Amino acid sequence: VPIIGNKEMKEITPREADKYIKTLQKTQPVEVGGRRRQTEYMTPANIERVIKLLRSAFKQAVRWEVIARNPFDFVTLPKVEKKSREIWTAETIRKALDSCKDAKLFVAMNLAFACSLRVGEILGLTWNNVSISDEDIAKDNASVYVDKELFRASKDVMDTLGNRDIRFVFPPVMSNPKTRLILKTPKTATSVRRVWLPKTLAYILREWRDTQQKQKEFIGDEYFDYDLVVAHHNGRPCDCKNIEKSFNRLKEDAGLPNVVFHSLRHSSTTYKLKLNHGDIKATQGDTGHAQADMITRVYAHILDEDRKVAASIIMSQHNLRAKEKAPKVLIYGAFWRSRPDSNRGPSA
């Protein structure tokens, strides 16, 4: 039931906008698709998203001269507590990979950490965009080319995207589905990119491709060949929910810290900045972000291990300087004690 939907736009003043926000703070979240509400009332973060959408809509109304000013430009939003996303260290990721028994999850985790790929980009990656020949590996040119991503879309979303952004629509498994899995172009132009692979990952992908080929030959006509790198045993596309489910099972079985799969992309960005000594543009080329400040503001995390190293370096330099100064102090002390005409007391 819309709270302000039955009002004319000119009736929405800054005061009405503030009242609307207070009403939202006492409004229960809507349960969609069987997902239970996590909080009693709408969270400040979701209220901020609602106001952001309304501010954009009313901005358009001002452009069209429907109203004189945007009432949502001056509202007071509830304070949003920004929580930093937890990430895994390289040691934890190594333990996770050693404990992983799901082959497709193993490949997806490697692509997320080594290549900084989004989960949709991993699940939409096709073999024709993977360069892992002997010559490529020998010349350090093994790479993946990201030009599409897997996305679950409703019919309305598909109508909005149109043929320009949708590359392929996968046939549904069930009859009359409400949503469809599609391959679509990435959300920004910078997301279309080539990412180079370490040799270890190139060999992992070659072994995985051979395994898929054997599976294809074994199943025969029942295999759905969509050329996907990460797919189910029968070749059908793997939804991001399947990856998250397998990832959650891995965390529980191996006793790993609770993070989401997307955190691997954060870990990747953090370690790449560490290895390339803060080269933001090079890191941006791998992550595909449109804005460089997203890397430092959102994706780069502070590593405790780096802080410990920095503390050790500072202490070692401090001790070195102390040793350099120590002989001078001894010489001066011996000089004053040896002077017969010195009238200085013990303090000297």
Side-chain angles (χ1 to χ4, degrees), residues 49 52 56 85 87 104 107-132 136 141-154 157-170 179-198 201-202 205 226-231 237-244 247 259-273 275-276 278-301:
R49 293 187 184 100
K52 183 178 179 181
S56 177
R85 185 186 294 273
I87 66 169
K104 63 180 180 296
V107 173
M109 288 174 61
N110 272 285
L111 286 169
F113 183 61
C115 302
S116 310
L117 300 188
R118 303 176 179 92
V119 64
E121 294 170 342
I122 294 170
L123 300 179
L125 184 65
T126 49
W127 285 113
N128 66 311
N129 283 352
V130 179
S131 302
I132 49 175
D136 290 326
N141 278 333
S143 63
V144 294
Y145 183 68
V146 181
D147 64 349
K148 53 189 174 299
E149 60 181 338
L150 188 77
F151 187 75
R152 181 170 287 281
S154 64
V157 172
M158 292 172 63
D159 291 340
T160 303
L161 289 174
N163 296 329
R164 182 174 59 88
D165 292 322
I166 297 179
R167 304 278 293 273
F168 183 76
V169 180
F170 292 97
T179 60
R180 299 283 289 274
L181 282 175
I182 64 173
L183 287 178
K184 72 176 192 68
T185 55
K187 58 182 181 180
T188 60
T190 54
S191 294
V192 178
R193 64 201 186 277
R194 183 174 298 279
V195 184
W196 279 265
L197 303 172
L201 180 52
L205 289 175
Y226 297 117
D227 200 35
L228 295 170
V229 174
V230 179
C238 182
D239 198 345
C240 62
K241 287 185 178 180
N242 301 125
I243 292 295
E244 286 288 355
F247 189 65
V259 300
V260 296
F261 186 84
H262 187 72
S263 294
L264 297 179
R265 180 167 151 88
H266 284 246
S267 297
S268 173
T269 306
T270 300
Y271 277 99
K272 283 184 179 181
L273 283 172
L275 293 173
N276 62 27
D279 191 337
I280 296 176
K281 297 305 291 184
T283 307
Q284 183 185 5
D286 278 1
T287 61
H289 285 112
Q291 302 296 329
D293 68 334
M294 276 290 292
I295 294 172
T296 55
R297 184 166 52 86
V298 178
Y299 278 80
H301 294 254

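Just so you know, these numbers come straight off a predicted model, no measurement behind them. Side chains included, hydrogens not; waters and symmetry mates left out as well; all remaining heavy atoms used.
Side-chain contact between Ile166 and Leu183 is absent, with no heavy atoms from C-beta onward closer than 4.5 Å. A heavy-atom distance below 4.5 Å is found between the side chains of Cys115 and Leu201. Here the side chains of Asp136 and Ser143 are not in contact, with every heavy-atom distance at 4.5 Å or above. Within the 4.5 Å cutoff, no side-chain heavy atoms of Asn242 are placed close to those of Phe247. In this structure, Thr269 and Thr283 have side chains that are in contact, with non-hydrogen atoms separated by less than 4.5 Å. Considering only heavy atoms from C-beta on, Trp196 comes within 4.5 Å of Asn141 through its side chain. Proximity of Asp286 to Arg193: side-chain heavy atoms (C-beta onward) are nowhere separated by under 4.5 Å. Counting only heavy atoms from C-beta outward, the side chains of Leu228 and Phe170 approach each other to under 4.5 Å.
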Step by step, would you call Glu149 with Lys184 a salt bridge (charged side-chain N to carboxylate O under 4.0 Å, His left out)? CA-CA 6 Å; Glu149 60 181 338; Lys184 72 176 192 68; 3.0 Å; yes
Could you go through Phe168 and Leu150, starting from their C-alpha distance and side-chain angles, then the distance that decides it, and tell me whether this counts as side-chain contact (heavy atoms from CB on, under 4.5 Å)? CA-CA 9 Å; Phe168 183 76; Leu150 188 77; over 6 Å; no
Kindly determine whether Leu264 and Met109 satisfy side-chain contact (heavy atoms from CB on, under 4.5 Å), including the steps that lead there. CA-CA 7 Å; Leu264 297 179; Met109 288 174 61; 3.9 Å; yes
Can you check side-chain contact (heavy atoms from CB on, under 4.5 Å) on Leu205 and Val229, steps first, answer last? CA-CA 8 Å; Leu205 289 175; Val229 174; 4.3 Å; yes
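The line from SG of Cys240 to CD1 of Ile122 is 11.0 Å long, rounded to the nearest 0.5 Å. One distance of note links CG of Leu197 with CG of Leu111; it measures 7.5 Å at 0.5 Å rounding. The CD atom of Glu244 lies 10.5 Å from the NE2 atom of His262; values are rounded to the nearest 0.5 Å. Once rounded to the nearest 0.5 Å, the distance linking CG of Asp239 with CZ of Arg152 reads 4.5 Å. In this structure, Asp165 CG and Thr185 OG1 are separated by 4.0 Å, a value rounded to the nearest 0.5 Å.
When all heavy atoms are compared, the tightest approach of Ile132 to Trp127 is CD1-CZ3, 4.2 Å. Here the closest non-hydrogen pair linking Phe113 and Ser268 is O-OG, 2.7 Å. Scanning all heavy atoms of the two residues, the minimum distance from Val230 to Cys238 falls at O-CB, 4.2 Å.
The main-chain N or O of Tyr145 is found under 3.5 Å from a side-chain atom of Asn129 such that the two form a donor-acceptor pair. Looking only at distances, a side-chain donor or acceptor of Thr190 sits under 3.5 Å from a matching main-chain atom of Gly288. With hydrogens and angles ignored, the 3.5 Å screen pairs a side-chain donor or acceptor of Arg167 with a backbone N or O of Asp147. With hydrogens and angles ignored, the 3.5 Å screen pairs no side-chain donor or acceptor of Asn128 with any backbone N or O of Asp227. The backbone N or O of Ala282 sits less than 3.5 Å from a side-chain atom of Asp279, completing a donor-acceptor pair.
Classification of Glu121 and Arg118 as a salt-bridged pair holds, one side-chain N sitting under 4.0 Å from a carboxylate O.
In this structure Arg180 satisfies the side-chain hydrogen bond (donor to acceptor under 3.5 Å, both in side chains) test with no other residue, sequence neighbours excluded.
A donor-acceptor contact closer than 3.5 angstrom links the side chains of Lys148 and Thr126. For the residue pair Arg265/Ser116, the side-chain donor-acceptor check at 3.5 Å is not satisfied. With no hydrogens or angles considered, no side-chain donor-acceptor pair links Thr270 and Ser267 at under 3.5 Å.
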